[in-house]
Amino acid sequence: MPLNKLRNIGIAAHIDAGKTTTTERLLFFTGVNRKVGEVHDGAATMDFMKQEQERGITIASAAITCSWNGTQINIIDTPGHVDFTVEVERSLRVIDGMVALFCAVGGVEPQSETVWNQAERYKVPRIAFVNKVDRTGADYYDVIKQMNENLDARAIAFQIPVGQEDDFKGIIDLMACKMYTFKDNETIVSEIPEDYKAKAREFKQQLVENLADFNEEILELFLEDKEVPNEMLKTAAREATLKLLITPVFCGAAYKNKGITQLLDAIVDYLPSPVDKGAVVGMDVDDHDKARHRNPSPKEPFAALAFKLIHDPYVGQQTFVRVYSGTVKSGMQLMNSTKGKPERIGRILKIHAKDREEVNEAGPGDIVALIGLKYTKTGDTLCDMEHQLHLESIHIPPSVIELKINPASRKDQTKLGEALSKLVNEDPSFHARFDEETEETVIAGMGELHLEIIVDRLRHEFGIEVVVGEPSVAYRETISQEVEVEYRHSKQSGGKGQFAQTYLRLEPNEGKGYEFIDKIKGGSIPGEYIPSVNKGIIKTMADGVLAGFPVVDVKVVLLDGQFHPVDSSDFAFQICSSICFKQGFMKATPVLLEPVMKIEINTPDEYIGDVVGNLNKRRGKVESMRRHRKGSQKLNGLVPLMEMFGYATSLRNLSSGRANYSMEFYQYMPVTKAVQEEALKKIAEKKKAAEGR
């Protein structure tokens, strides 16, 4: 199939806007499914994980291929829940265009903004589909207004609904100047009704005006008050969408099969093919300042990005890749340039949700699963052995919540370790470690629901019954003062001894992570031992100094030191720098940092006082309030994650179930002195209890 006849698209939105339902309809109308799978029946094609069917939500983004009017469309359905934001992130990294879905009742909701900002980061062209126009409280025009005010989307109506709520009768297409009504999955095309002609004229005028800003030919015709040909409008609209200048808006009611074929037309007409996206830009493997380009052509050297791993009980590990250039064939050897290791391709599969089709080769624009890769993880680049490059990786937010788990039966300990390593491989935002002191396994993720699903999968997918502890916050440690510290490590025990001496300066390095600077002059420590000093510090930082949490945002300057020609070694300098760092850290007024979340709450006006009061009690800070819809407000603020366990229930009780909220990680911030003392006291008590066991 020619590359210009290919569309790699994602469908993303706030939870419950109807993404999966819309995808199911797209599959039905393109002939992939003979019957429509419903989310509420647990029968959606795209939600094939047991946990997705039980909760009626999408957890893992699923890829599926369909075709419409001679164009192949690869659809990636993504989750709307903020705990699975990394799924959206990795999908947006590899798609070319996106359908942003909005609920005609809910409008621009918290997660809509997060998804929109992620799409902005990867410069993904978008069209919008306003769903559920037939629902009570639907307001299509208000959603467009919210898109422009809250997302700066330059949203332009390409369709307008005929009636809304129970009165929704059909859709007027402003380009074709026709009305569409729907009966038994068929679209009936007719002229615009008399009582809607003025409204259609007004919105068509707005459409032409907006496009005239980006196209001189249209501007001339517009100023001369002449009719602008539809083909010219369409071409200009496509160009403006691809350059992220406008967001065309369409409408419908996916559940009732209304507006779906028109959305398919819009995907083909306005979203980019790999050819439109052009060359992918990577970095030279040896010189990161040098750019390397790969055009979407089978003749170019091979380049692909791994964006997802799934452990399949039937075929083993599937590595999903997006091919940007060149061709991959089964049995071929490629280079994983991120890891610097060669990989051999076993089989190549095209995935249709849970069904798979084996193919012999894949080329530019294809999204396929490769079987047989040993080292490749999410965000790694696969490329031609002779022509290597690094593609931009995937932004993975840090995990913010921890949970202690133990197997119900001790004999399952090894099985648990193996299951967790498979889950860690699949999900880069999930981490697991074994705490030697308490002899407990600690899992960490993006939120309560994220970890709840992991525990669920351990029980049902891997057959391991686990005992779960209380969720706790993943703290970090840092320093708030500059100090200089010296330590001499000397051990004699017959034969060769150990000797090393380091003189370090520790400085706060807020928001910049860890930095190591070597200021050794005159060879007081030989060059081969400098990396050992750094290694000793890094190891200590991972294990924590104050309370066992990872150390962040510290600059360490190696000022001076001493060595012994016989007794000094890599090991001696690692131990010396580790102890020196620990001593300096405790002198530099150490502080605990806690994850602070960005929170957005939508609440009816009458509960605003109670909601703000409750947030203040939780050490939260309201940063802005704005009118969301008639009779409701949108609050934005910051709040420590530690105070937010069980918040969903509190908010439900406060607002009689009418308010909703969304949280995402903002940054780590210092805790107050009182909170730090309380946290350290609790940690000390837990350690004491563990030692007494």
Side-chain angles (χ1 to χ4, degrees), residues 3 6-10 61 63 74 76 78 86-98 118-125 244 272-310 317-329 332-345 348 361-370 373-397 425-429:
L3 271 180
L6 178 63
R7 302 286 180 274
N8 283 317
I9 66 153
S61 57
N74 293 330
I76 294 182
T78 58
V86 76
E87 285 286 345
V88 183
E89 192 79 41
R90 54 185 172 189
S91 302
L92 286 170
R93 173 66 186 84
V94 295
I95 57 177
D96 298 329
M98 181 174 110
Q118 286 172 311
E120 286 284 304
R121 173 160 51 231
Y122 293 118
K123 298 187 169 47
V124 178
L244 308 184
S273 70
V275 177
D276 297 315
K277 290 293 274 189
V280 65
V281 182
M283 296 178 298
D284 188 274
V285 174
D286 301 314
D287 180 359
H288 283 193
D289 292 330
K290 204 183 273 179
R292 288 272 174 262
H293 294 75
R294 292 282 183 275
N295 290 303
S297 156
K299 295 190 176 118
E300 293 259 322
F302 182 77
L305 186 80
F307 71 97
K308 187 179 173 71
L309 269 71
I310 289 181
Q317 185 175 288
Q318 297 179 3
T319 307
F320 280 77
V321 299
R322 157 73 199 261
V323 182
Y324 287 98
S325 64
T327 306
V328 61
K329 296 180 179 174
M332 195 170 166
Q333 193 173 39
L334 298 171
M335 175 57 84
N336 178 329
S337 59
T338 313
K339 299 276 191 305
K341 291 187 172 180
E343 290 272 33
R344 188 166 292 284
I345 308 303
I348 303 170
E361 60 175 60
D366 282 339
I367 289 176
V368 290
L370 304 179
L373 304 189
K374 288 181 185 162
Y375 311 108
T376 305
K377 300 272 184 287
T378 296
D380 286 1
T381 301
L382 289 168
C383 55
D384 186 272
M385 299 292 285
E386 303 302 315
H387 305 87
Q388 294 185 32
L389 83 165
H390 283 312
L391 297 173
E392 183 198 346
S393 193
I394 292 167
H395 169 76
I396 310 291
N425 254 350
E426 277 183 22
D427 182 351
S429 64

Give the intermediate values and the outcome of salt bridge (charged side-chain N to carboxylate O under 4.0 Å, His left out) for residues Arg322 and Asp96. CA-CA 11 Å; Arg322 157 73 199 261; Asp96 298 329; 2.9 Å; yes
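- Nearest approach of Arg7 to Pro272, heavy atoms of both residues: CD-O, 3.5 Å.
- The main-chain N or O of Pro301 is found under 3.5 Å from a side-chain atom of Ser325 such that the two form a donor-acceptor pair.
- Listed by first and then second residue, the salt bridge (Lys or Arg N to Asp or Glu O under 4.0 Å) pairs that reach into residues 373-389 are Lys339-Asp380, sequence neighbours excluded.
- There is a side-chain donor-acceptor pair under 3.5 Å between Ser429 and Asp427.
- Atom CG of residue Asp286 and atom CD of residue Gln388 lie 8.0 Å apart, to the nearest 0.5 angstrom.
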Criterion side chain to side chain contact (heavy atoms under 4.5 Å, CB included) on Ile367 and Phe307, from CA distance to verdict: CA-CA 10 Å; Ile367 289 176; Phe307 71 97; 3.9 Å; yes
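- Looking only at side-chain heavy atoms (C-beta outward), Val321 and Leu305 stay at 4.5 Å or farther from each other.
- With sequence neighbours left out, Asn74 forms a side chain to side chain donor-acceptor pair (under 3.5 Å) with Asn8, Thr65, Gln72.
- Legend: residues meeting side-chain contact (heavy atoms from CB on, under 4.5 Å) with Thr378, ordered by chain and number and at least two apart, are Arg90, Leu309, Ile394, Pro428.
- Closest approach of Met335 and Pro342 over heavy atoms only: SD-N, 3.8 Å.
- Annotation: the span from Asp276 atom CG to Leu3 atom CG amounts to 10.5 Å, rounded to 0.5 Å.
- Here Tyr122 contributes atom OH and Ile95 contributes atom CD1; the two are 11.0 Å apart, rounded to the nearest 0.5 Å.
- Between Ser337 and Val285, the shortest heavy-atom distance links the atoms CB-CG2, 4.3 Å.
- Panel note: side chain Gln333, backbone Met385; no donor-acceptor pair is recorded below 3.5 Å.
- We find the NZ-CG distance between Lys341 and Asn336 to be 9.0 Å, quoted to the nearest 0.5 Å.
- Across all non-hydrogen atoms, the minimal contact from Pro364 to Pro298 is CG-N, 3.5 Å.
- Nearest heavy-atom pair across Val280 and Tyr324 is CG1-CB, 3.7 Å.
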Evaluate side chain to side chain contact (heavy atoms under 4.5 Å, CB included) for Leu389 paired with Met283, printing each intermediate quantity in order. CA-CA 6 Å; Leu389 83 165; Met283 296 178 298; over 6 Å; no
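- Remark: side-chain polar atoms of Asn295 are not paired, donor with acceptor, to backbone N or O of Ser297 under 3.5 angstrom.
- Just one of Asp366, Leu382, Leu334 meets the side chain to side chain contact (heavy atoms under 4.5 Å, CB included) condition when paired with Val328; it is Leu334.
- Side chains of Pro125 and Lys277 form a contact here, defined as non-hydrogen atoms less than 4.5 Å apart.
- A salt bridge links Arg292 to Asp284: one of the charged nitrogens lies within less than 4.0 Å of a carboxylate oxygen.
- Atom CD1 of Ile348 and atom NZ of Lys329 lie 9.5 Å apart (nearest 0.5 Å).
- Between Leu370 and Gln318 the shortest side-chain heavy-atom distance does not fall below 4.5 Å.
- Here the CZ-NE2 distance, from Phe302 to His387, works out to 14.5 Å after rounding to the nearest 0.5 Å.
- Between Val323 and Ala304, the shortest heavy-atom distance links the atoms CA-CB, 3.9 Å.
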